[in-house]
2 protein chains.
Amino acid sequence: MSQGSGKTPSKRPLTLRDVSEASGVSEMTVSRVLRNRGDVSEATRKKVLEAARELGYVPNKIAGALASSRVNLVAVIIPSMSNMVFPEVMTGISDVLEDTELQPVVGVTNYKPEREEAVLYQMLSWRPSGVIIAGLEHTEAAKAMMGAAGIPIVEIMDTDGEPIDSAVGISHRRAGRKMAQAIIDAGYKRIGFLGTKMPLDHRARKRFEGFTETLAKAGLEVADSEFYSGGSALKKGREMTEAILTRNAEDPLDFLYYSNDMIGAGGLMYCLDNGIDVPGEVGLAGFNGIEFLDGLPRKLATMDACRVEIGRAAAEIIAKRVEEGDEAAGEVITLEPSLEFGETLKRKKKLI
Amino acid sequence: MSQGSGKTPSKRPLTLRDVSEASGVSEMTVSRVLRNRGDVSEATRKKVLEAARELGYVPNKIAGALASSRVNLVAVIIPSMSNMVFPEVMTGISDVLEDTELQPVVGVTNYKPEREEAVLYQMLSWRPSGVIIAGLEHTEAAKAMMGAAGIPIVEIMDTDGEPIDSAVGISHRRAGRKMAQAIIDAGYKRIGFLGTKMPLDHRARKRFEGFTETLAKAGLEVADSEFYSGGSALKKGREMTEAILTRNAEDPLDFLYYSNDMIGAGGLMYCLDNGIDVPGEVGLAGFNGIEFLDGLPRKLATMDACRVEIGRAAAEIIAKRVEEGDEAAGEVITLEPSLEFGETLKRKKKLI
DNA sequence: AATAAAATTGTTAGCGATAACATATATCAC
DNA sequence: GTGATATATGTTATCGCTAACAATTTTATT
């Protein structure tokens, strides 16, 4: 009743031996058939496959991995699953790994370094073939583990720093600078910044640093800022926008730079709801380039973070090194995020 | 240089034996220390821990799992990561499993049954302690595998059907009926439906079935419908809304039921942008209760799908059965989704 | 037909840990 | 101090599979 389709109502879990006995060949041959390795005659292959199917046998990779010391798992360690950016990175990773024997296994750290360390330890204890991990900032212990693991490590999202091994990402400092330059060029002067509380979001922090740095060169600075954590980002975006605009009513802000598109979208909606002229009275820009923006009443200016591409590239590095060995260790790929002006950031006024 | 903090610049991967030698006790004792099992004197415990840390030893769970035939993994198989609903389910699962030894491992099927079967096979080959899988519809082979796996299986999201073992979810038929009733009560008559192409989205299909069924009882039917697949859901929502409203301009629709909140939000924005009175001229409702809605200009009516709660309950079932054995097999938990009227669905006009 | 080369199958010895049992050392009652 | 109970540690035998090599059968070559 409880057993699938097989005839054996046994309790003991099935092993290669069962299939071997059922098909009258050695365990080794069964193993070969099931893995498509080595030469096996068509006749026995069919016999074995039939028996395995009949019994409902599922190979035990635990044993297989131990015996062969090959584990087709790639550890993917990311801070969060719920913010729309990592799912896209995952898409890129999955796309590439689907064509290989490798399989991604995801761990989530919630932006906590100590959690990252624990997750990494857990993951490494399964002896994966490679690690893809977000960010360049890790605890010392985590760095040590990755350094000693003897497998390809790819740090993603960010290339502003020293990778342990390989890295794929964008320069968030540069992204911040680039956006600042576009804002300056468009003639905005009184600029507000809205973002997450950043102690642990290093990439947001770096963007902010690049941003202020370029403003400074133009003799400008961030006039005011607003931070949040948790909650509905869209709503927070609204609320923060209202707060920051109200607070600066006397000497009004003319641009708001958001650390992500979701709060930016909230801000945009607030402005539209309140009859604020965007981008004339106030310009807006976010960060990430999420697909979502396409549906907004007005297209928010943003900078694409190349998420899918980062995932793809990272997975390709792992796949290649698993396949061909570690000659290419230490590769760093810096992608160039593209600025999308959308309809909330004026174009450069004029040259000269 | 490449080795973390250890002194051994070796190439060979570390094993218990290395720690054993470094600390001068048997492998078994090291194993006991590292797992906090059995009595070990404080002195040796410290010695061993020190040696392990020094070497940068990470236990090999592959070997451990094989020897103990205990694998602290829970396979979680879901159709998609990118639609905001499963990340929340994952949150619920993680919350619960964090307090146990169990660890979730996610597989994504992209709504393809054959992909689901393959993912399941992969997962089962790691001999997880349990499976949490979305939906009640699976290939015959998949059902057979789960039936024969001898581990707790929890099918989530949906309870309209026959579970293999346990199930946690809501009745989507009932959710559809409930929404239909609210719409009828509010006095809407010309109702449009907008959703994904549904051949494989069984839950959307069931909601639709329940919906039409209840309409039928009130002598109503879905006046027109519109389907999409892929792309920015928000944008699609806009486009479809425009299309369906335009198409029915002569005999205008007065309600639009969307199969998810994201396209509903798009529709809402379209209506607001075009000066359509919501909910007077046209009422709107979505499905899911995503947090996101809080930030919209007007709160969309929706029905909460209890996502986090489903995740929690499913994880609890697994955890309990891993802990206490399989007496409680076959448990089915049906949660009751709550209708949220928001500001896009008129309340019941009056009784009688 | 005889021998070499290729294709197919089998045998043996681990992979690195843990369960179960065995042994040694410490603690205790009397 | 002696035997007994508890605490700490060590030994041995797997766990289910695969690498590496051995043995056998088939096919090709001359």
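Computed over heavy atoms, backbone and side chain alike; hydrogens, waters and symmetry mates excluded. Lettering follows sequence order; numbering is per chain, from 1.
- Counting non-hydrogen atoms of neighbouring residues, nucleotides and ligands closer than 6.0 angstrom, the CD atom of A/E101 reaches no more than 12 such neighbours.
- In this structure, the nucleotide among D/dT9, C/dA17, D/dT18 sitting nearest to the side chain of A/S31 is D/dT18.
- When side chains are defined from C-beta on, B/L102 does not count as touching B/L73, because their heavy atoms never get closer than 4.5 Å.
- For B/E27 and A/V58, each mapped to the nucleotide of DNA chain D holding its nearest heavy atom, the one lying further toward the 5' end belongs to B/E27.
- Note on A/T44: every side-chain N or O is 4.0 Å or more away from OP1 and OP2 of C/dT8.
- Across the protein-nucleic acid pair, A/L14 atom CG and D/dC15 atom P stand 15 Å apart, rounded to whole Å.
- Between A/Y57 and the phosphate of D/dG16, there is no side-chain N or O to OP1/OP2 separation shorter than 4.0 Å.
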Set out, line by line, the N/O atom pairs under 3.5 Å between protein and nucleotides 19-27 of chain C.
unit_1	atom_1	unit_2	atom_2	d
C/dA19	OP1	B/R70	NH2	2.6
C/dA19	OP2	B/R35	NH1	3.2

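- Checked by atom type and distance alone, the side chain of A/S20 pairs as donor or acceptor with a backbone atom of A/V25 at under 3.5 Å.
- For B/R35, the CZ atom sits in a packed shell: over 12 heavy atoms of surrounding residues, nucleotides or ligands are nearer than 6.0 Å.
- Remark: side-chain polar atoms of A/D158 are paired, donor with acceptor, to backbone N or O of A/D160 under 3.5 angstrom.
- Here B/N60 lies in heavy-atom contact (under 4.0 Å) with sugar-phosphate atoms only.
- In this structure, the CD atom of B/E42 is 16 Å from the C1' atom of D/dT9, given to the nearest Å.
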Using nucleotides 26-28 of chain D, report all nitrogen or oxygen pairs with the protein that are shorter than 3.5 Å.
none

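- Within a 6.0 Å radius of CD in B/E42, other residues, nucleotides and ligands contribute more than 12 heavy atoms.
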* Can you check side chain to side chain donor-acceptor pair (under 3.5 Å) on A/H138 and A/E116, steps first, answer last? -> CA-CA 8 Å; A/H138 317 286; A/E116 177 182 89; 2.7 Å; yes

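- For B/S26 and D/dG10, the shortest distance from a side-chain N or O to OP1 or OP2 is below 4.0 Å.
- One interatomic measurement links the two molecules: CD1 of B/I62 to C1' of D/dC17, which rounds to 12 Å at whole-angstrom precision.
- Rounding to whole angstrom units, CG of residue B/L34 and P of C/dG16 are separated by 16 Å.
- At least one side-chain heavy atom of B/M90 sits under 4.5 Å from a side-chain heavy atom of B/M81.
- Remark: B/T29 is in phosphate contact with D/dG10, judged by side-chain N or O atoms under 4.0 Å from OP1 or OP2.
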* To do: Evaluate salt bridge (charged side-chain N to carboxylate O under 4.0 Å, His left out) for B/E140 paired with B/K143, printing each intermediate quantity in order.
  => CA-CA 5 Å; B/E140 281 306 313; B/K143 285 189 208 171; 3.8 Å; yes

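- Paired with A/V131 under the rule side-chain contact (heavy atoms from CB on, under 4.5 Å), one option of A/I153, A/V76, A/I318 passes, and it is A/I153.
- In this structure, the CH2 atom of B/W126 is 13 Å from the P atom of D/dC17, given to the nearest Å.
- With C/dT9, C/dG10, C/dT8 as the choices, the nucleotide that has an atom nearest any side-chain atom of A/V25 turns out to be C/dG10.
- Put simply, the side chain of A/E117 never gets that close to the backbone of A/T139: no donor and acceptor are under 3.5 Å apart.
- Distances shown here put every side-chain N or O of A/S41 at or beyond 4.0 Å from the OP1 or OP2 atom of C/dA7.
- If you measure from atom CZ of A/R127 to atom C1' of C/dA17, you get 11 Å, rounded to the nearest angstrom.
- Residues of residues 15-23 of chain B that place a heavy atom closer than 4.0 Å to DNA chain D do not occur.
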* To do: Any chance you could lay out the side chain to side chain donor-acceptor pair (under 3.5 Å) test for A/T91 and A/S94, step after step, and finish with the verdict?
  => CA-CA 5 Å; A/T91 303; A/S94 303; over 6 Å; no

